[in-house]
Protein chains: 2
Amino acid sequence: MNFSTSEENYIKAIYHLQQANNLVTTNELATELNTKAASVTDMLKKLKTKKMLHYEPYQGFTLSNEGKKVALGIVRKHRLWEYFLVNKLEFGWDEVHSIAEELEHIHSPVLIEKLDAYLSYPKFDPHGDPIPDINGKMETTKQINLTDLELNAKAEVSAVGSQSSELLELLRHKNIGIGTVLEVIRKFTFDNSIEIVIKKNPPFSISHQLAQTLFVKPLYVSATDGSITK
Amino acid sequence: MNFSTSEENYIKAIYHLQQANNLVTTNELATELNTKAASVTDMLKKLKTKKMLHYEPYQGFTLSNEGKKVALGIVRKHRLWEYFLVNKLEFGWDEVHSIAEELEHIHSPVLIEKLDAYLSYPKFDPHGDPIPDINGKMETTKQINLTDLELNAKAEVSAVGSQSSELLELLRHKNIGIGTVLEVIRKFTFDNSIEIVIKKNPPFSISHQLAQTLFVKPLYVSATDGSITK
DNA sequence: AATAGTTTTTAGATTTGCCTAAAAATAAAT
DNA sequence: ATTTATTTTTAGGCAAATCTAAAAACTATT
Ligand SMILES: [Mn+2]
Ligand SMILES: [Mn+2]
Ligand SMILES: [Mn+2]
Ligand SMILES: [Mn+2]
């Protein structure tokens, strides 16, 4: 089956929304895609006839198994291109999203397999999100929200919850990126801000709002020699 | 100004056609783009209002200066992507045209500049065609048609006149590619076929039709030490 | 259970890009 | 100089993707 750019954008958006909610609603999707509910309904009908969706009028919708496969293919392309842009063309990781939003629609299976090989089969994109393999399988690293990290536990930043340029600007300013190892040394109940320390640098605090968008993989410090493992 | 994929394909096609003919006709363009004359007329009107064309009904048309600039930008993107696909992703040079046909429409000036830098500012694409620089300037290597190469003169294949897969299949079979150094050792007047030799390999013959699609840069063999220069 | 509020769908338009068939303009041939 | 043939444009229509406004269906509240 062949899909237009627009159909692909809808399928991918539904995929992301149903990760959180399972059942997706018309208005949710309209908001996500900056379009109107009426336009969404039109597309839902089309995607249903293409067997991409489970959808009954007024009842919400989810991707069919076939739809999920298509979605994972687009996500795969998006994240591989992002990896390419950052690691080969030296873009900043806060500059690549919108370009990948176009590149993900280039239709050529062999292109994406050769790109994957060229990049040495990366497992995560520059934002810490896992890259599905050719069969749609991807790492499910047990990452937790930074707000849930316990006091005095070391952890490695593994993903960010948004790609907004405002967020990425702030992270760059604070020198936090994917792979940064940090430790929470204090939590303030007044505003839920937390104080963290990176390496031997002076501690600094980050807001609850920022902590909520950061995901980390806890690191386990050996009791005997102090070495760090994941 | 912003252009749709369709508009860009038209502009680029007009650019290529007017290289040969100067004044381009509606039917020519329709054939080139596998579309109908009526569709071409529609697009001509649109491109004229966008000041891309000099066009009066029934009188043929050419690109305006602005149109040429846009065309060169698309050609630049097309050829840079082709170079990337062949020299980084290891595609065959006969497999890249249709993929580049899509990639050339990715809209991001900074992307193409970073790609150019990553590729070390190549001057020719995998088919021997010159790549315009950011200002639209490109090499005008004095290449001649293989049919015009004089007997017993060495020359380097620098371009092919078409990207048809039939042609490229034949070239691959005969082991001829961009950069191949050959020498014409005989010309047959009966069918205008010519006999050539590559390195120390056995000579073989190629048809007039094939010779017409090949362009070469003559090499000048030093009279004193036999060394080759361009 | 009836009413009010919200969400979703339908109805009807618009834009872009394409098509076929017919008309108009140009070019070629007698 | 007409007639004939070819090329190009116009007229009218269609499919995809969007929109606004109105109707229909669900949900929540009294
Ligand atoms: Mn996209
Ligand atoms: Mn990403
Ligand atoms: Mn193209
Ligand atoms: Mn080329």
Side-chain angles (χ1 to χ4, degrees), chain A residues 1-14 17-18 20-63 67 70-71 74 101-102 104-107, chain B residues 1-14 17-18 20-63 67 70-71 74 101-102 104-107:
Chain A
M1 188 121 40
N2 232 38
F3 299 97
S4 69
T5 293
S6 193
E7 289 170 329
E8 289 189 347
N9 283 335
Y10 273 87
I11 290 169
K12 193 183 66 163
I14 296 167
L17 289 174
Q18 77 179 24
N21 266 23
N22 207 30
L23 203 59
V24 185
T25 69
T26 302
N27 267 350
E28 267 177 353
L29 186 50
T31 303
E32 176 75 15
L33 292 171
N34 293 305
T35 186
K36 297 299 152 71
S39 308
V40 170
T41 302
D42 286 347
M43 185 59 89
L44 291 177
K45 287 188 212 157
K46 186 142 65 102
L47 291 178
K48 187 182 179 178
T49 69
K50 289 195 170 190
K51 301 210 190 287
M52 293 292 110
L53 297 180
H54 301 298
Y55 163 57
E56 292 306 322
Y58 296 100
Q59 304 304 296
F61 45 92
T62 54
L63 291 176
V70 174
I74 305 162
E101 203 56 50
E102 289 185 57
E104 70 189 357
H105 304 291
I106 302 292
H107 170 75
Chain B
M1 188 124 37
N2 233 39
F3 299 98
S4 69
T5 293
S6 194
E7 289 171 329
E8 289 189 345
N9 283 334
Y10 273 87
I11 291 170
K12 192 182 66 163
I14 296 167
L17 289 174
Q18 79 179 25
N21 265 26
N22 208 32
L23 203 60
V24 185
T25 69
T26 302
N27 266 351
E28 267 177 355
L29 186 49
T31 303
E32 176 76 15
L33 292 171
N34 293 305
T35 185
K36 296 299 152 71
S39 306
V40 170
T41 302
D42 286 347
M43 185 59 89
L44 292 177
K45 288 189 212 158
K46 187 143 64 104
L47 291 177
K48 187 183 180 178
T49 69
K50 288 196 171 190
K51 300 208 190 291
M52 294 292 110
L53 297 179
H54 302 299
Y55 163 58
E56 291 306 321
Y58 297 100
Q59 304 303 296
F61 45 91
T62 54
L63 291 176
V70 173
I74 304 163
E101 204 56 51
E102 289 184 56
E104 71 190 356
H105 305 291
I106 301 291
H107 170 74

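Below, chain A is the first sequence line, B the second, and so on; all start at residue 1. Here the structure is a predicted model, which is why all the values come from computation and not from measurement.
Distance from the side chain of B:D42 is smallest to C:dC18 among C:dC18, D:dT10, D:dC19. Relative to the side chain of B:L44, the nucleotides D:dC19, D:dT9, C:dT9 differ in distance, and D:dT9 lies closest. The side chain of B:K45 sits closest to D:dT10 out of D:dT18, D:dT10, D:dT9. Listed nucleotides: C:dT20, D:dT20, D:dT7. Nearest to the side chain of B:N27: D:dT7. Closest to the side chain of B:T41, out of D:dA11, D:dT8, C:dC18, is D:dT8. Distances from the side chain of A:K36 to the nucleotides C:dT26, D:dT20, D:dA11 place D:dT20 closest.
If you take CG of A:L23 and P of D:dT27, they are 11 Å apart, rounded to a whole angstrom. If you measure from atom CD of B:E28 to atom P of D:dT8, you get 8 Å, rounded to the nearest angstrom. Computed from coordinates, the B:N2 CG to C:dT15 P distance equals 18 Å when rounded to whole Å. When rounded to the nearest whole Å, the span between CD of B:E7 and P of C:dT16 equals 9 Å. As a whole-Å value, the separation of B:Q59 CD from D:dT8 P is 11 Å. When the C1' atom of D:dT7 is taken as reference, atom OH of B:Y55 falls 12 Å away, rounded to whole Å.
When each of A:M43, A:E56, A:H54 is paired with A:K48, the side-chain contact (heavy atoms from CB on, under 4.5 Å) condition holds for A:E56 and for no other.
Here the CD1 atom belonging to A:I14 is positioned 6.0 Å from the CG atom belonging to A:L47, to the nearest 0.5 angstrom.
Toward the 5' end of DNA chain D, the nearer of the two residues A:M43 and B:E56, judged by each one's closest nucleotide, is B:E56. Map A:Y10 and A:Y58 each onto its nearest nucleotide of DNA chain D; the residue landing nearer the 5' end is A:Y10.
In this structure the side chain of B:N9 reaches within 4.5 angstrom of the side chain of B:H105, judged on heavy atoms.
Remark: the backbone N or O of A:L63 is paired with a side-chain donor or acceptor of A:Q18 at under 3.5 angstrom.
Using a 4.0 Å heavy-atom cutoff across all strands shown, A:T26 reaches sugar-phosphate atoms only and no base atom. The residue B:F61 sits apart from the nucleic acid: no heavy atom pair falls under 4.0 Å.
For the OP1/OP2 pair of D:dT7 and a distance below 4.0 Å, the side-chain nitrogens and oxygens of B:T25 include no atom meeting the criterion. Side-chain N/O atoms of A:S6 include one lying less than 4.0 angstrom from OP1 or OP2 on D:dT18.
Using a 4.0 Å cut-off between a side-chain N of Lys or Arg and a carboxylate O of Asp or Glu, A:E101 and A:K12 qualify as a salt bridge.
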